[in-house]
Amino acid sequence: MRDLFSISGKVALVTGGSRGIGKMIAECYLRAGARVFLSSRKAEACAAAEKELSQYGEVTALPADVSERGQCERLIGEVGERVGQLHVLVNNAGATWGAAFDEFPDSAWDKVLGLNVRAPFVLTQLGRALLEASATEDDPARVINIGSIDGLMVPGFKNFSYSASKAALHHLTRHMAAELAPKILVNAIAPGPFPSKMMDATLDKHGDAIRAKSPVGRVGRTEDVGAAAIYLASPATTFMTGAVIPLDGGLSTTVGMGVEI
Ligand SMILES: NC(=O)c1ccc[n+]([C@@H]2O[C@H](COP(=O)([O-])OP(=O)(O)OC[C@H]3O[C@@H](n4cnc5c(N)ncnc54)[C@H](OP(=O)(O)O)[C@@H]3O)[C@@H](O)[C@H]2O)c1
């Protein structure tokens, strides 16, 4: 059973791995024995994450803006040049935008859809050859997209392009799964609230209300998302593709009518 859940020796690329959920996944992958490449735009933040995470295993930071095709090309090329393998691509880098409906700007659509939907597609497209070359019949390569419960239900925030982008990413997960099987399996995690730069202001202001509404009474932790990402990268999930897994302590999965009958 230990081998069934093992990702030891696998090579993983985690976008947005310099902080937040991406860094949590990178840390857990390293603790599980994977070789990790992490990426984000800011070279300094990448280097700091590399330094901090190197206590857990072999990690290399490769800064890149994945909303630009040329930089995705360079990123995948660098992983290929350095290790010649890529077993797991985690499309985690993402951005959000909040504004009132009447003021919601066009730029918030371009920015958020470009990073949250187009970038995972472009990286998977450019990474396909390396992923396929690293796949075996018994253990296909993996793409793991980080969606959101905001793409599963209507959020309490005015983040219109974000919720739409995550619903799109969930469906893109299914569409790419159909296209890329059997050599590459594509699944998504739809997280609920986890502490991160993206969520800190919200949790500072509304954390108590969110915890009170959560069936498990808390927000996400490093090991929660690490375990889900390990599971989806491991031989335990070779019969799973196109799945979108809510990881939210029940926030989206236990919503009722709100009416006692
Ligand atoms: N935290 C939550 O509660 C939550 C819930 C549901 C879903 N999610 C999803 O989880 C993912 C990570 O979110 P997070 O909360 O950890 O956010 P975060 O703290 O803001 O981290 C975002 C990461 O993405 C990188 N990034 C941003 N724009 C980029 C670009 N153009 N190219 C490359 N990297 C870029 C950032 O680094 P740089 O600034 O250096 O580029 C950072 O490493 C996102 O897809 C988000 O939608 C989060």
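Remember, it's 1-based here, ligands and their atoms both numbered in the order they're listed.
Formation of a donor-acceptor pair under 3.5 Å by the Asn92 side chain with backbone atoms of Ile146 is not found in this model. Using a distance-only test at 3.5 Å, with no hydrogens or angles considered, a donor-acceptor pair links the side chain of Tyr29 to the main chain of Ala229.
Atom 10 (O) of ligand 1 has its closest protein heavy atom at Ile146 CG2, 3.4 Å. Of all protein heavy atoms, the one closest to atom 39 (O) of ligand 1 is Lys42 NZ, 2.8 Å. Of all protein heavy atoms, the one closest to atom 32 (N) of ligand 1 is Val66 N, 3.0 Å. Here the protein heavy atom with the shortest distance to atom 35 (C) of ligand 1 is Ala93 CB, 3.8 Å. Looking at atom 5 (C) of ligand 1, its nearest protein heavy atom turns out to be Gly192 O, 3.2 Å. The protein heavy atom nearest to atom 17 (O) of ligand 1 is Met198 CB, 3.5 Å. Taking atom 16 (O) of ligand 1 as the reference point, the nearest protein heavy-atom neighbour is Ile21 N, 2.8 Å. Distance from atom 6 (C) of ligand 1 to its nearest protein heavy atom, with residue and atom name: Pro191 O, 3.2 Å.
Side-chain contact, Arg69 with Gln125: a donor N or O sits under 3.5 Å from an acceptor N or O. Using modelled atom types, one finds no donor on one side chain facing an acceptor on the other under 3.5 Å when comparing Thr15 with Asn91. Side-chain polar atoms of Thr241 and Arg142 form no donor-acceptor pair below 3.5 angstrom. In this model, no donor atom of one side chain and acceptor atom of the other lie less than 3.5 Å apart for Asp150 and Ser163. Side-chain contact of Ser67 with Asp65: a donor-acceptor pair under 3.5 Å is present, judged by distance alone. Thr60 and Arg35 share a donor-acceptor pair across their side chains, judged by distance under 3.5 Å alone.
By the 3.5 Å distance cut-off applied to N or O atoms, Ala45 is not counted among the residues near ligand 1. At least one N or O atom of Phe194 sits closer than 3.5 Å to an N or O atom of ligand 1. On a distance-only criterion, Ser196 and ligand 1 share at least one N/O pair closer than 3.5 Å.
Comparing heavy-atom distances from atom 38 (P) of ligand 1 across Gly22, Cys46, Ser40 singles out Ser40 as nearest. The heavy atom nearest to atom 11 (C) of ligand 1, out of those in Leu38, Asn92, Val90, is found in Asn92. When Gly147, Ser165, Gly94, Ala95 are ranked by how near their heavy atoms come to atom 7 (C) of ligand 1, first place goes to Gly147. Among Met199, Lys111, Met24, Glu68, the residue whose heavy atom lies nearest to atom 2 (C) of ligand 1 is Met199. Taking all heavy atoms of Arg41, Arg19, Lys23 into account, the minimum distance to atom 30 (C) of ligand 1 is reached by Arg41.
Set against the non-hydrogen atoms of Asp65, the atoms of ligand 1 under 4.0 Å away are 30 (C), 31 (N), 32 (N). Set against the non-hydrogen atoms of Gly20, the atoms of ligand 1 under 4.0 Å away are 16 (O). For ligand 1 and Ser18, the ligand atoms under 4.0 Å from any heavy atom of the residue are 37 (O), 42 (C), 43 (O). Within ligand 1, counting atoms from 1 as listed, the ones closer than 4.0 Å to a heavy atom of Tyr162 are 6 (C), 7 (C), 8 (N), 9 (C), 46 (C), 47 (O). Within ligand 1, the atoms closer than 4.0 Å to a non-hydrogen atom of Lys197 are 19 (O), numbered from 1 in the order shown. Ligand-side atoms of ligand 1 in range of Gly16: 23 (C), 24 (O), 25 (C), 43 (O), range being under 4.0 angstrom from any heavy atom. Close approach of ligand 1 to Ala64 (heavy-atom distance below 4.0 Å) involves ligand atoms 32 (N), 33 (C).
Residue contacts with ligand 1 do not include Ala49, since none of its heavy atoms lies under 4.0 Å from the ligand. At least one heavy atom of Pro193 sits closer than 4.0 Å to an atom of ligand 1.
Within a 6.0 Å radius of CG in Asp204, other residues, nucleotides and ligands contribute more than 12 heavy atoms. Within a 6.0 Å radius of CD in Glu44, other residues, nucleotides and ligands contribute 12 heavy atoms or fewer. Within a 6.0 Å sphere centred on CD of Glu58, heavy atoms belonging to other residues, nucleotides or ligands number 12 at most.
Between Val88 and Val11, the closest side-chain pair of non-hydrogen atoms is not below 4.5 Å.
When all heavy atoms of Cys28 and Ile230 are compared, the closest pair comes out as O-CD1, 3.8 Å.
The aromatic rings of Trp109 and Phe104 sit perpendicular, their planes meeting at an angle over 60°, well past the 30° parallel limit.
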Open item on the list: Pair Thr202, Ile210 - check side-chain contact (heavy atoms from CB on, under 4.5 Å), show working.
Closed with: CA-CA 10 Å; Thr202 304; Ile210 291 171; 4.3 Å; yes
